[in-house]
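Keep in mind it's a predicted model, so treat the numbers as computed, not measured.
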Amino acid sequence: MRTIVHTGAPPDAPLTIERSILNVPDVQLIARGRCRTPEEVLAAVRDADVALCSGEPYTEEVLANAPRLLAVIRYGIGVDTIDLEAATRHGVMAVNFPDFCIPEVANQALALLLACARRLVAQDRALRSEGWAAARRYRGPVGTIHDETLGLIAFGHIAQALAQRAHVLEMRVVAYDPFVSDALLAQYGVARAASLEELAAAADYVSCHLPLNPQTRGLIGRSFFQAMKPTAFFINTSRGAVVVEQDLLAALEAGEIAGAGLDVFEHEPIGPEHPFCRLDNVVLTPHYASWCDQTFEKLYRRVGEAALTIVRGGVPEFVANPEVLPHRRLPAPV
């Protein structure tokens, strides 16, 4: 029997789509509940062939002590909670879906930008609680959006999709990403910033699209926010931990930047007591930029299909650590 274990779903989760694909005689899918520590993850997957995860910690300890584990499949793009080097050493494929939710997250970033620029949330709250005149105090300062500059931190697929949307709004777009070519930037009509500080100084809106890894953790901090215009807004739909949250909070409270639109946070979930929640120049959403009913239904199907491919000895469409393939673990004989 091949065992597939979900470490991010409660035991009573229906997992209807995944189960419909994995409903074959020699495969079982088990939901172990949300595993929050490496110890809990290891207890769940010690005898598993494939693990399905949402954001649980797959550390060296886990990967070294699950001898049957062929792959960890991440629901989504980010693999920052999987130790890729350890996975490669132990012959475990880290599977993700880098083409997942690109338009959805680009749309969310744009929605946060517009909500900040037009002060929509503050006006809505004031109109409901205090009336028309009170809401109109939030009319300004408000920029034009057109003829203003959007700065993109990193220029991957989501940032590229956002750049296309920004051009429709007649915005200038500049990006900081030392890993992309001038030709790619030119293809999207995007200027290159030579440094993060140059991007910060030029942009009226900054949208962050960094992956989280040891090099990017805490990359956006005090010096970046001090370089931004006092009329500029900071948008983050990537990972909360790429930002030094206390530095962002200090910049907002001091009026060094105009506001922020945040879908992700350093520690999640946040509660109503979080300092961001008391600021009326911050628009908050609960890490749901990727969400769309139809998109997630497709993702569930792709996860199930990838898991079935792996237990049958195959390689799925996307492997985040492709260097593992020459020595990847293979299913044990049955």
Over 12 non-hydrogen atoms of neighbours within 6.0 angstrom of [atom1] in [X]:
X	atom1	answer
Arg68	CZ	yes
His287	NE2	yes
Glu85	CD	no
Arg128	CZ	no

Only counting residues at least two apart or in another chain, list the ones meeting side chain to side chain contact (heavy atoms under 4.5 Å, CB included) with Ser290.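 In terms of side chain to side chain contact (heavy atoms under 4.5 Å, CB included), with neighbours along the sequence ignored, Ser290 is linked to Phe100, Cys101, Val105, Phe296.
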Distance check, rounded to the nearest 0.5 Å: [X] atom [atom1] versus [Y] atom [atom2]?
X	Y	atom1	atom2	value
Leu284	Asp263	CG	CG	9.5 Å
Glu130	Arg125	CD	CZ	12.0 Å
Glu60	Asn65	CD	CG	8.5 Å
Ile158	Leu152	CD1	CG	11.5 Å
Ile102	Phe97	CD1	CZ	13.5 Å
Arg301	Lys298	CZ	NZ	11.5 Å

Can you tell me if [X] uses its side chain to pair, donor with acceptor, with the backbone of [Y] under 3.5 Å?
X	Y	value
Thr216	Leu219	no
Gln123	Arg118	yes
His6	Ser54	no
Asp49	Thr3	yes
His274	Pro272	no
Asn96	Arg74	no
Arg312	Thr309	no
Arg32	Pro11	no
Asn321	Ala94	yes

Do the charged groups of [X] and [Y] touch, with an N to O distance under 4.0 Å?
X	Y	answer
Asp83	Arg89	no
Glu148	Arg172	no
Arg217	Glu266	no
Arg302	Glu317	yes

Would you say the side chain of [Y] lies within less than 4.5 Å of the side chain of [X], judging by non-hydrogen atoms?
X	Y	value
Ile310	Pro316	yes
Leu169	Arg165	no
Leu248	Ile257	yes
Asn281	Leu252	yes
Val41	Thr37	no
Val206	Leu199	yes
Trp291	Gln108	no
Glu18	Leu29	yes

Minimal non-hydrogen separation, [X] against [Y], with atom names:
X	Y	answer
Val62	Pro57	CG2-O, 3.9 Å
Arg19	Ala13	NH2-O, 3.9 Å
Val244	Phe225	O-CE1, 4.5 Å
Leu52	Tyr58	O-OH, 4.3 Å

[X] and [Y]: same hydrophobic cluster, using ILVMFWY side-chain contacts below 4.5 Å?
X	Y	answer
Val50	Leu308	yes
Ile30	Val27	no
Val315	Val72	no
Leu63	Leu42	yes
Val242	Leu84	no

Considering only distance and modelled atom types, tabulate donor-acceptor pairs under 3.5 Å from the side chains of residues 230-237, sequence neighbours left out.
from   : atom 1 : to     : atom 2 : distance (Å)
Asn236 : OD1    : Ser238 : N      : 3.0
Asn236 : OD1    : Ser238 : OG     : 2.7
Asn236 : ND2    : Arg239 : O      : 3.3

For Thr81 and Glu56, does a side-chain donor sit closer than 3.5 Å to a side-chain acceptor? no
Taking only distance into account, with no hydrogens and no angle test, what donor-acceptor pairs under 3.5 Å do side-chain atoms of residues 186-196 form with protein atoms, sequence neighbours excluded?
from   : atom 1 : to     : atom 2 : distance (Å)
Tyr188 : OH     : Gln160 : OE1    : 3.2
Arg192 : NE     : Asp182 : OD1    : 2.8
Arg192 : NH1    : Asp177 : O      : 3.0
Arg192 : NH2    : Val180 : O      : 2.7
Arg192 : NH2    : Asp182 : OD1    : 2.8
Ser195 : OG     : Glu198 : N      : 3.0

